[in-house]
Number of protein chains: 2
Amino acid sequence: MRALLLAGPLSRAELARRLERSPASITKTTQPLLAAGLVAEDAGRIAEEPAVPGESRGRPGVPLVLLAGRHLFIGVKVTSNEVFAVRTDAAGVVQASGHRDLADVEQETVVAQILELVNELREPGEIQALGVGLAGRMSRFDDTVRHNPFLGWDEVPLAGILERATGIPTVLSEDARALTAGVQWSGPGRGMSDLAVLTVGVGVGLGIVIEDRVLAGPSGRVGRIGHMRVADSGPVCERGHRGCASAFLTTAAITQGIGVPRGRADLDLDAALALADDGDAVALRVFADAGRALGVLIAQLANTLGLPAVILAGDGLGMLAHARPSLDAALADHLDPHATRPTVVTFSSGFDEWARGAAVVACQWMLVDPPPYRTDLA
Amino acid sequence: MRALLLAGPLSRAELARRLERSPASITKTTQPLLAAGLVAEDAGRIAEEPAVPGESRGRPGVPLVLLAGRHLFIGVKVTSNEVFAVRTDAAGVVQASGHRDLADVEQETVVAQILELVNELREPGEIQALGVGLAGRMSRFDDTVRHNPFLGWDEVPLAGILERATGIPTVLSEDARALTAGVQWSGPGRGMSDLAVLTVGVGVGLGIVIEDRVLAGPSGRVGRIGHMRVADSGPVCERGHRGCASAFLTTAAITQGIGVPRGRADLDLDAALALADDGDAVALRVFADAGRALGVLIAQLANTLGLPAVILAGDGLGMLAHARPSLDAALADHLDPHATRPTVVTFSSGFDEWARGAAVVACQWMLVDPPPYRTDLA
DNA sequence: GCATTTCATTGACACGGTGAAGGAACAGGC
DNA sequence: GCCTGTTCCTTCACCGTGTCAATGAAATGC
């Protein structure tokens with residue numbers, strides 16, 4: 001119920017229509033929330049503006065707003081060499097953030113750094129839940145790291161470890177899915193019920209939202225699209241596939257694709273972009289190829305799932321400055337004749353956004369699936 | 001509730017575990033169903049066999065079975081030149097079937113033929129619902145044919161027309177999705193909660209089931225995979241894409257791919273298969289390419305959605321006799337290193353199976369979303 | 001026979017939903 | 001200003017569906 005309040009300040013009548021419930025039901029369910037201070041009537045009447053002017057007959061509704069500040073969440077994103085953490089409110093607004101470098105990927109090291117960050121961020125009030133985003137196989141709302149190639153972990157019961165150390169209910173989530181949840185809950189995809197989030201960076205990641213649900217798949221394996229074939233020819237990825245997505249889109253593929261012919265093996269992404277800015281032919285070609293690969297991927301997603309919107313994110317997104325034309329061309333070319341063209345939104349986001357996604361997952365976890373042990377504490 | 005009874009005869013306790021409800025709840029909800037004769041206690045104790053022998057302690061459960069015969073459904077599949085219809089019970093078992101040729105695709109002609117078939121099949125008892133499967137864009141449980149390229153229809157309120165003429169509640173469904181529903185409900189995918197159905201024939205179709213739900217997409221556009229790129233090179237499809245799925249897999253692509261070099265423009269699929277049986281090099285190559293295309297498609301699906309099972313269906317399935325080795329090789333090659341290999345099941349089905357799927361959709365529609373006007377009649 | 005185990009039923013009860021009825025707040029016409 | 005129409009919100013009685021706790025029933029194994 002509270003979940004849909006996040007679609008903005010809404011009057012009770014509007015809520016009833018959106019949730020397909022009777023007005024009586026809304027009144028009843030919101031009363032305890034009002035008393036508990038979780039929602040409030042908005043005296044400002046913000047939401048009345050977009051109403052059609054001619055329809056101003058009748059008693060105006062009293063908008064309800066979620067007092068998001070009442071509930072705090074912490075989200076953590078773990079990469080192979082860094083840990084990022086943010087504290088957010090229930091609306092997913094970041095209040096504070098922090099980060100630590102990782103000396104190694106030992107369990108003790110990582111857990112210690114996470115705990116430091118959590119203790120740093122938790123001080124202003126009670127934290128409702130802690131969400132941790134990591135790469136690798138995990139179900140939605142998991143408690144164990146099944147397999148993480150970057151950390152070299154297998155079957156680590158991280159949620160339990162953190163819960164015991166912090167006293168905060170903790171949930172794990174696959175990172176691309178956490179980012180997707182963040183995007184859909186309170187990011188550029190807010191209010192959309194169907195979208196995909198395509199991330200480009202060290203790898204190629206994918207999160208899918210269908211009918212307001214973030215897909216997890218039977219064993220948390222949704223979104224392995226790194227080896228989708230996107231072109232007739234082109235570079236070969238590390239598994240020997242010619243023309244697969246990883247071979248065009250990962251940061252390593254791009255820096256090597258430009259650096260090797262230009263004799264600069266240590267080229268980084270910024271330098272590659274600078275080369276392209278200066279009109280370097282190799283760089284422009286590599287970026288154009290990357291754009292084409294992205295366009296094909298987006299078209300394939302739109303064809304397969306009929307998605308109306310695709311959101312691009314990740315630290316490799318800078319390429320779009322040079323890749324956008326070929327992306328658009330490839331998208332138009334590969335789209336099914338009867339499919340509607342999906343809206344492509346770019347979302348430049350740092351690692352904070354991944355951590356924020358983990359916090360959003362924690363928030364959703366509390367809303368849909370309050371952990372039983374919380375009642376023990378109450 | 002009844003929906004999960006279709007997962008086989010189950011004891012009440014087993015039902016409670018599967019539905020995550022309390023045993024008390026199961027007893028209460030099944031009592032009126034028992035009284036109404038919709039379910040029955042199965043004296044034969046069929047389902048007790050697969051239990052682990054060592055766990056035979058305690059009072060054995062009384063299996064409940066759905067008396068499927070109490071509810072009848074009719075499913076109709078409309079192609080550009082034929083209409084197929086079947087009568088099934090609630091379990092999706094076909095009791096009778098029929099078919100008509102279509103002289104043309106005028107609305108009156110098609111409706112008249114459907115009505116003839118329905119009246120032929122409806123006589124033994126009350127029909128609960130009528131499901132119609134057609135190609136084209138439609139939402140799940142739609143009532144209007146939005147756009148059907150084969151019939152040349154746009155915005156035809158077919159459900160209303162048939163409802164008025166027959167007095168049976170009617171629902172429309174996109175045909176690949178109907179087939180998928182049939183496969184998952186009572187076909188080879190019975191009991192699986194995640195699977196894809198890939199159809200090969202005049203076109204290439206796809207239906208997806210995730211978490212027990214048949215995906216429809218925001219506007220019924222799931223599953224347009226005809227133009228997915230599956231190879232570096234190869235024939236060109238009618239839209240000019242080199243190496244796309246349609247160019248390898250449709251019946252037309254195969255018959256032309258073999259018929260043109262062999263100078264037999266009128267070659268049909270059976271003749272093409274016969275050529276391959278005789279060791280014709282061109283035919284063997286075309287079928288091997290088709291298998292490779294299928295393997296890549298399956299791998300891409302498995303990677304994108306993490307599906308554990310893919311079911312192949314459609315009238316073009318005969319190719320597998322010669323295409324299976326290349327299919328398996330391509331599947332292994334393109335699967336993500338960390339993905340589990342999906343089970344690939346072949347399901348040889350005629351058009352009756354498509355009609356049966358439409359009947360299953362009608363059954364599901366009644367179970368999850370009983371149409372309000374039925375109460376008017378009662 | 002008895003303990004053990006699992007299944008199934010019952011009754012008291014809570015929660016979330018509905019429909020009907022009625023009061024409250026606004027706009028507009030007279 | 002007052003009535004009317006409209007929409008919003010609340011209250012009340014009620015129902016359906018679920019739970020918990022207690023009890024009985026049917027099997028196995030010692």
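Lettering follows sequence order; numbering is per chain, from 1. No experiment lies behind these values; they were computed from the predicted model shown.
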Check every atom of D:dA27, C:dG19, D:dT11 against the side chain of A:S22 and return the nucleotide holding the closest atom. C:dG19
If I take atom [atom1] in residue [X] and atom [atom2] in nucleotide [N], what distance separates them, rounded to the nearest angstrom?
X	N	atom1	atom2	value
A:L10	D:dC8	CG	C1'	14 Å
B:I26	C:dT10	CD1	P	15 Å
A:E20	C:dG16	CD	C1'	17 Å
B:L33	D:dT17	CG	C1'	13 Å

So, is [X] close to the [N] phosphate, meaning a side-chain N or O under 4.0 Å from OP1 or OP2?
X	N	answer
B:R21	D:dG18	yes
A:R12	D:dT7	no
B:R17	C:dC7	yes
A:Q31	D:dC9	no
B:S25	D:dT19	yes

For [X], which residues count as a side chain to side chain contact (heavy atoms under 4.5 Å, CB included) partner, sequence neighbours excluded?
X	result
A:A13	A:S11, A:R17
B:A176	B:E174
B:A362	B:F73, B:A129, B:V171
A:A181	A:V214, A:V360, A:V361, A:Q364

Going by salt bridge (Lys or Arg N to Asp or Glu O under 4.0 Å), name the residues that satisfy it together with B:E155, two or more places apart in sequence or in a different chain. B:R146
Sequence neighbours excluded, the answer for salt bridge (Lys or Arg N to Asp or Glu O under 4.0 Å) partners of B:R12 is B:E41
Ranking B:A13 and B:K28 by the position along DNA chain C of their nearest nucleotide, the one closer to 5' is B:A13
Between protein and nucleic acid, restricted to nucleotides 21-23 of chain D and to nitrogen or oxygen atoms under 3.5 Å apart, what atom pairs and distances do you find?
none

Report, one pair per line, the protein and nucleotides 22-24 of chain C atoms (nitrogen or oxygen only) whose separation is under 3.5 Å.
unit_1, atom_1, unit_2, atom_2, d
C:dG23, N2, A:R59, NH1, 3.0
C:dA24, N3, A:R59, NH1, 3.2

Check whether A:T144 reaches the backbone of A:D142 with its side chain - one donor and one acceptor, N or O, closer than 3.5 Å. no
Between the main-chain N or O of A:T166 and the side-chain N or O of A:R122, is there a donor-acceptor pair closer than 3.5 Å? yes
Sequence-distant partners of A:Q95, side chain to side chain donor-acceptor pair (under 3.5 Å), two or more places apart: A:R87
